[in-house]
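Residue numbers count from 1 along this sequence.
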Amino acid sequence: MLTPPFDTKIAVAVRDDLLTWQRLNVTAFLTSGIAAASPRLVGSPYADADGTSYLPLLGMPVLVFEASAQVLSAARERAVRREIPLAVYTADMFRTGYDEANRAAVAAVATADLDLVGIALHGPRNAVDKVLKGAALHP
């Protein structure tokens, strides 16, 4: 059971020049990657007072940041160097319509050339803070 204070952090960073719908879409996709990679972070299902059931959610807060393309690229490099697993979303993925095409869009581009529009990671609080150096909490 996840109970505060949390010794880890979930963070999503989106590029600061995206349209609002893109920021929301990227955040949703990237957060699903965290949940899929770490099912222990998902809590129990919800139910209201009338007994209607709802799906479980992540059991801890997700902090959303914004950053420039350069900060996202540097953050990706720092995460890899620190061996913190991360999810990526690239600009090319806006032009696809399904999961297999998304993976193909990423696979077609060398690491240094990825046009990152968002990243998500889960790890020790201090390490996540260091990875996201230069990013600001999303307004």
Side-chain angles (χ1 to χ4, degrees):
M1 201 94 205
L2 295 170
T3 55
F6 302 110
D7 58 350
T8 62
K9 180 185 277 189
I10 299 171
V12 175
V14 294
R15 206 163 71 195
D16 57 8
D17 62 350
L18 297 180
L19 299 172
T20 300
W21 75 265
Q22 292 173 316
R23 291 175 189 231
L24 294 170
N25 185 267
V26 169
T27 300
F29 268 95
L30 290 172
T31 303
S32 72
I34 298 297
S38 302
R40 64 183 170 74
L41 297 175
V42 178
S44 298
Y46 286 72
D48 62 27
D50 296 324
T52 303
S53 297
Y54 305 98
L55 296 172
L57 303 174
L58 286 168
M60 62 189 301
V62 177
L63 298 173
V64 181
F65 295 81
E66 67 175 2
S68 68
Q70 295 80 11
V71 169
L72 284 177
S73 181
R76 190 210 58 79
E77 289 176 23
R78 287 191 291 268
V80 170
R81 205 169 39 243
R82 291 175 174 274
E83 298 181 350
I84 298 174
L86 73 155
V88 298
Y89 200 103
T90 67
D92 293 334
M93 293 166 69
F94 287 128
R95 293 183 283 283
T96 66
Y98 57 102
D99 188 48
E100 187 177 335
N102 286 343
R103 284 194 307 279
V106 173
V109 180
T111 302
D113 297 325
L114 289 173
D115 186 7
L116 294 173
V117 296
I119 63 170
L121 58 155
H122 169 251
R125 294 181 70 79
N126 284 347
V128 170
D129 290 342
K130 290 176 181 173
V131 165
L132 292 177
K133 181 181 176 186
L137 276 174
H138 198 287

Is there a side-chain contact between Y46 and D48 in this structure, where contact means two heavy atoms from C-beta onward sitting under 4.5 Å apart?
no
For L86, run the side chain to side chain contact (heavy atoms under 4.5 Å, CB included) check against V80, I34, V128 and tell me which one passes.
V80
From K130 NZ over to R81 CZ, what is the distance, rounded to the nearest 0.5 angstrom?
12.0 Å
Same apolar cluster: V14 and L24, side chain cutoff 4.5 Å
no
About how many Å separate CG of L72 and CD of E66, when rounded to the nearest 0.5 Å?
10.0 Å
What are the two closest heavy atoms between V12 and V62, and how far apart are they?
CG2-CG1, 3.9 Å
How close do D92 and A105 get, heavy atom to heavy atom, and via which atoms?
CB-CB, 4.0 Å
Any donor and acceptor pair, going by atom type alone, linking the side chain of S73 with main-chain N or O of Q70 inside 3.5 Å?
no
Heavy atoms, side chains only, cut-off 4.5 Å: are R15 and Q22 in contact?
no
Just so I know, are the side chains of V42 and L58 near enough to count as touching, which here means a heavy-atom distance under 4.5 Å?
yes
Joining Ile, Leu, Val, Met, Phe, Trp and Tyr whenever any side-chain heavy atoms lie under 4.5 Å apart, the cluster holding V71 also takes in none
Check for a donor-acceptor pair, side chain of T27 on one end and backbone N or O of R23 on the other, with a separation under 3.5 Å.
yes
Do M60 and T8 have side chains that get closer than 4.5 Å, going by heavy atoms?
yes
Heavy-atom closest pair (F6 atom, P61 atom, distance to 0.1 Å) is CE1-CD, 3.5 Å
Roughly how far, to the nearest 0.5 Å, is NZ of K9 from CG of D129?
3.5 Å
Quick check: closest heavy atoms across A135 and F65, and the distance to 0.1 Å?
CB-CB, 4.0 Å
Does any part of the side chain of L114, heavy atoms only, come nearer than 4.5 Å to the side chain of V106, both counted from C-beta?
yes
Kindly compute the distance separating CG (L55) from OG (S44), expressed to the nearest 0.5 Å.
12.5 Å
All heavy atoms of A13 vs all of L132, minimum pair found to be CB-CD2, 4.0 Å
Could you tell me the separation between the CG atom of L63 and the NE2 atom of H138, rounded to the nearest 0.5 Å?
13.0 Å
All side chain to side chain donor-acceptor pair (under 3.5 Å) counterparts of R76, not counting sequence neighbours
none
I'd like to know if L19 and L116 are part of one continuous hydrophobic network [Ile/Leu/Val/Met/Phe/Trp/Tyr, side-chain heavy atoms within less than 4.5 Å].
yes
Closest non-hydrogen atoms of L121 and I119, given as atom of the first, atom of the second and distance, are CD2-CD1, 4.2 Å
From E77 atom CD to R82 atom CZ, the distance as rounded to the nearest 0.5 Å
13.5 Å
Take the angle between the ring planes of F94 and Y89 and call it parallel below 30°, perpendicular above 60°, tilted in between.
tilted
Are L57 and I10 connected, step by step, through hydrophobic side chains (Ile, Leu, Val, Met, Phe, Trp, Tyr) whose heavy atoms are closer than 4.5 Å?
no
Is W21 reachable from L30 through a run of I, L, V, M, F, W or Y residues, each pair having side-chain heavy atoms under 4.5 Å apart?
yes
